[in-house]
Amino acid sequence: MDFDLSEEQRLLKDSVDGLLNDSYDFEQRKKYGAEKTGWSKTVWDKLAEQGLLGLPFAEADGGFGAGAVETMIVMQAFGRALVLEPYLPTVVIAGGFLRHAGSAAQKAAHIPGIIDGSKTFAFAQLEKNSRYDLNDVSTTAKKKGDGWVIDGEKFVVLNGEAADTLVVTARTKGGQTDRDGIGVFLVPRNAKGVTVKGYPTQDGMRAADITFTGVEVGTDAALGDPANGLPLIERVVDEARTALCAEAVGAMDESLKITVEYIKTRKQFGVPIGSFQSLQHRAADMFVFTEQARSMALLATMASDFDDAKERAASVAAAKVQVGKSLKFVGQQSIQLHGGIGMTMEASIGHYFKRLSIIESTFGDTDYHLRRASEAGGII
Amino acid sequence: MDLSLTPEEQAFREEVRAFFRDNVPAGIKKKLSENRHTTKEDMVEWTRILHKKGWAVPHWPKEYGGTDWTAVQQYIFNEELQATPAPPPLPFGVNMVGPVIYTFANEAQKKHYLPRIANLTDWWCQGFSEPGSGSDLASLKTKAERKGDKYIVNGQKTWTTLAQHADWIFCLVRTDPAAKKQQGISFLLIDMKSKGITVRPIVTIDGGREVNEVFFDDVEVPAENLVGEENKGWDYAKFLLGNERTNIARVGMSKERLRRLRELASSTQAGGRPIIEDPKFREKLAAVEVELKALELTQMRVVANEGKNGKGKPDPASSVLKIKGSEIQQTLTELMLEVAGPFASPYDIHGDDNTNETMDWIAQIAPTYFNYRKVSIYGGSNEIQRNIISKAVLGL
Ligand SMILES: Cc1cc2nc3c(=O)[nH]c(=O)nc-3n(C[C@H](O)[C@H](O)[C@H](O)COP(=O)(O)OP(=O)(O)OC[C@H]3O[C@@H](n4cnc5c(N)ncnc54)[C@H](O)[C@@H]3O)c2cc1C
Ligand SMILES: Cc1cc2nc3c(=O)[nH]c(=O)nc-3n(C[C@H](O)[C@H](O)[C@H](O)COP(=O)(O)OP(=O)(O)OC[C@H]3O[C@@H](n4cnc5c(N)ncnc54)[C@H](O)[C@@H]3O)c2cc1C
């Protein structure tokens, strides 16, 4: 058993932390968020320069062949700084689809643009009635000649406006919730028939509702087996959940740090409020919750290498449950311990709380994953 | 022992309920049920409707426009108002400074201010908290120096709710810097149009603008705006803070939220069925209902006691109402957030006075969840309430 980072992983951590220390304080983040895309191209280019956008890709594809631990390191650091850039949809999700299912031609067409920072992606999956069920897909992809025609509506697509390419889940056959007949398609965001309505999100990012009306794409648009893409989708979404767990742990670490710092310095009744035992115990509980989440985020990270899809899924579900419980406590109590200041847009702590809250309901909330874990027959 | 309302009380409830049903303007009601902010105009319109009926300040003494309702009737009135939902009267005038004025102010002040509060001619805000004085309110520093027939006020208040609308602010100010903490404080009424007052908005985490900083820079205040005696302001403040106990639990409001939650959970699908049919969700609903029922009964016990013991004596039981009332309100916002699920994320760019075509009801859910963290912070934080219980009730 070994929970330590390797020498290389430590270097990676130092380099991400260094980059964010230099270019991602709270004031800088505000500026990035105010850009039209909701994130900074300058920062994105820096991530590319440091090789972070190429981490998980095979060396043969121009990447570094790094694994889930490296992604965890990056996402934790991003969580600490509340990074807005579309790493999750581009590198983790689109990258995941390409790595696991892309043909040689698809890899060659798309991976270099991700690695050098010139292209970003978005994952168009959520539908009006699908909620958290990945098999619930009404958007259709119908065969036409050599290619496909896509029709449907997708919601809350992170980075949907700015992305060059959309990864779209669509039904090639069967009924709305059939496990069979779901495909994954690469669709240029500016393709004819794609309408994008963008908006800011509660956690300071940008997302979009996207309508596909008779959107025609070629055969090469299909990633993997268009008749049986669900296992692929489940795998990639589990990787995204795992990355979100890591991000949440980073955000909890920072929330706790900021809060402890605050209660040490804020004085009421002539003493630092951190001298009141009720607040000390609350902070101690925040620590307990954060550590439990960290352990489970590690489990999810390790699970991505499990061959048994069921075991992998159950572990990720369990991690999302613990992280969901932890982030709620840590997020809420960070605000409570700050008092009025915690309620303001000007203080950074509220932004951690908001990001954490939205992570909870991304790709399945705590109850959803509790059910998954229980249906898997438990995880012990 | 009898938990039920008397036939007279029941009839009163029907009367009040019917009045709210027929008289709350539809637009205002819709805003409230969607957790949007009401405007100043909404508040004025509604207060005038209540005023015309003679119900704007029912808990005040009759001579100042109040009623002779019993404590139970007052309670019923508030519950029905919240459950409708109708806007609660602006608390700063009606529940805070009003009672201080009719209890401690002189005749001229009563005559001048009270009618203007009752029909919302004057919008009041509360200037107690300061950057360095939140839970430890008595450490406040804003000072008022007596110069002839004036006070000169310097300092800063903060978290001042809706000061942007206010005509008047009631402030705790330090008039005797030499006296110990609680002793040198006075209760001063200040015209917001006075020279030297600056109001600066504080944006809250939900993007709303409900609180402000208020700066005082050599503000001249006529000495006649002092309430009661100089340096006795802390007593009046304690009276004010202890006076709120029947409203603080917000049982009626939580009932209304619960109803709304059920509605949303019935119209939102998860896993191919409405969320309301999910046994796990139903259990969570039932769990809040149990808490809310318990709170309602606890509150009625407090109300019944008040009927016996007379008004005005702070009851440590009000801390129970504050703690549980705020926790239940927060739990309800959490459950709403759960129902909204992934659709809670879009920010309502259309703002309060517009509607978002696609997901009208959903846009305010996350902001309300964020915003309601305040209810365990203000009005004496829940930690402070627990301190009160452990000291005043348990003798620790
Ligand atoms: C089943 C059982 C088996 C045990 N076996 C052994 C044994 O084999 N050998 C042995 O030596 N002892 C044993 N103990 C004793 C055990 O270690 C003590 O019970 C324990 O240290 C608590 O001390 P106490 O019971 O005197 O409670 P107290 O110390 O009086 O504590 C009472 C309460 O006050 C709280 N409290 C105390 N100080 C603080 C503080 N500073 N801040 C906040 N809260 C505080 C405690 O958490 C507790 O809730 C056993 C106890 C139990 C119940
Ligand atoms: C939305 C909102 C509206 C408000 N409106 C008004 C208004 O209109 N007028 C007005 O005057 N004020 C208003 N307030 C201010 C409110 O009363 C204060 O925020 C509150 O008193 C807490 O003070 P603080 O924010 O300075 O927090 P602090 O007092 O600094 O408290 C920070 C944390 O420390 C805890 N703490 C403090 N002391 C103790 C202790 N002894 N033991 C244990 N824990 C402790 C608190 O519970 C809290 O968790 C408003 C606040 C908010 C958030």
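The sequence lines fix the lettering, A, B, ..., with proteins before strands; numbering per chain opens at 1. Because only heavy atoms are used, hydrogens play no part in the values below, and waters and symmetry mates are left out as well, while side chains stay in.
Heavy-atom pairs under 4.5 Å with chain A peak, among B:Gly272, B:Ala366, B:Ser381, B:Pro367, at B:Pro367. Highest contact tally toward chain B, considering only A:Arg266, A:Lys267, A:His338, is held by A:Arg266 [criterion: heavy-atom pairs under 4.5 Å]. Among the candidates A:Gly339, A:Ala208, A:Gly350, the residue making the largest number of heavy-atom pairs closer than 4.5 Å to chain B is A:Gly339. Options A:Met205, A:Gln332, A:Glu346 differ in how many heavy-atom pairs under 4.5 Å they form with chain B, and the most are formed by A:Gln332. In terms of non-hydrogen atom pairs under 4.5 Å with chain A, the most contact-rich of B:Val339, B:Asp206, B:Asn382 is B:Val339. When the candidates A:Ser357, A:Ala207, A:Gly331 are compared by the number of heavy-atom contacts under 4.5 Å with chain B, A:Ser357 comes out ahead. Counting heavy-atom pairs closer than 4.5 Å to chain B, the top residue among A:Gln176, A:Glu360, A:Arg206, A:Arg282 is A:Arg282.
Residue contact with chain A, scored on non-hydrogen atoms closer than 4.5 Å, involves the backbone and the side chain of B:Ala270 alike. Contacts between A:Thr177 and chain B at a heavy-atom distance below 4.5 Å are absent for every atom of the residue. At a 4.5 Å heavy-atom cutoff, B:Ala138 makes no contact with chain A through either its backbone or its side chain. In this structure, no portion of B:Ile365 lies under 4.5 Å from any heavy atom of chain A. For A:Asp136, no part sits under 4.5 Å from any heavy atom of chain B, backbone or side chain. Contact annotation for A:Arg371: only side-chain heavy atoms (C-beta onward) come within less than 4.5 Å of a heavy atom of chain B. Only the side chain of B:Asp278 comes within contact range of chain A, judged by heavy atoms closer than 4.5 Å. Only the side chain of A:Tyr132 comes within less than 4.5 Å of a heavy atom of chain B; its backbone N, CA, C and O stay farther away. For A:Ile358, the part sitting under 4.5 Å from any heavy atom of chain B is the side chain, from C-beta outward, and nothing else. For chain A, the nearby parts of B:Lys374 are the backbone and the side chain; heavy atoms of each come within less than 4.5 Å. Both the backbone and the side chain of A:Ile341 come within contact range of chain B, each with at least one heavy atom under 4.5 Å from a heavy atom of that chain. For chain A, the nearby part of B:Ser133 is the backbone; its heavy atoms alone come within less than 4.5 Å.
Here the side chain of B:Gln269 pairs no donor or acceptor atom with the backbone of A:Asn129 at under 3.5 angstrom. Judged purely by atom type and a 3.5 angstrom limit, A:Lys354 has no side-chain atom pairing as donor or acceptor with the backbone of B:Phe370. A donor-acceptor pair under 3.5 Å is formed between the side chain of A:Gln268 and the backbone N or O of B:Ser135. For B:Glu383 (side chain) and A:Leu279 (main-chain N/O), no donor-acceptor pair under 3.5 Å exists by modelled atom type.
Shortest non-hydrogen contact noted between A:Gln336 and B:Ser376 is OE1-OG, 2.6 Å. Considering every non-hydrogen atom in both B:Ile205 and A:Gly342, the closest pair reads CG2-O, 3.8 Å. Smallest separation of non-hydrogen atoms from B:Ala363 and A:Gln202: O-NE2, 3.9 Å. The shortest heavy-atom contact between B:Gly271 and A:Asp133 is CA-OD2, 3.3 Å. Residues B:Arg373 and A:Ile335 share a closest heavy-atom pair of CB-CG2, 3.9 Å. Of all heavy-atom pairs between A:Ser361 and B:Gly341, the closest is OG-O, 3.6 Å.
For B:Lys143, the NZ atom is loosely surrounded, since the number of other residues' heavy atoms within 6.0 Å does not exceed 12. In the displayed structure, A:Lys30 atom NZ is contacted under 6.0 Å by more than 12 heavy atoms of other residues, nucleotides or ligands. Atom CZ of B:Arg282 has 12 or fewer heavy atoms from other residues, nucleotides or ligands within 6.0 Å.
Distance check: A:Asp367 CG to B:Phe281 CZ gives 9.5 Å after rounding to the nearest 0.5 Å. Separation of atoms CZ (A:Phe269) and NZ (B:Lys181) is listed at 6.5 Å; rounding is to 0.5 Å. Rounded to the nearest 0.5 angstrom, B:Glu334 CD and A:Lys328 NZ are separated by 3.5 Å. The line from CZ of A:Arg131 to CD1 of B:Ile275 is 3.5 Å long, rounded to the nearest 0.5 Å. Put simply, OH on B:Tyr372 and CE on A:Met343 are 10.5 Å apart, with the number rounded to the nearest 0.5 Å.
With a 4.5 Å cut-off on side-chain heavy atoms, A:Val156 and B:Pro342 do not count as touching.
Classified by interplanar angle (parallel below 30°, tilted 30° to 60°, perpendicular above 60°), the ring pair B:Tyr369/A:Phe353 is tilted.
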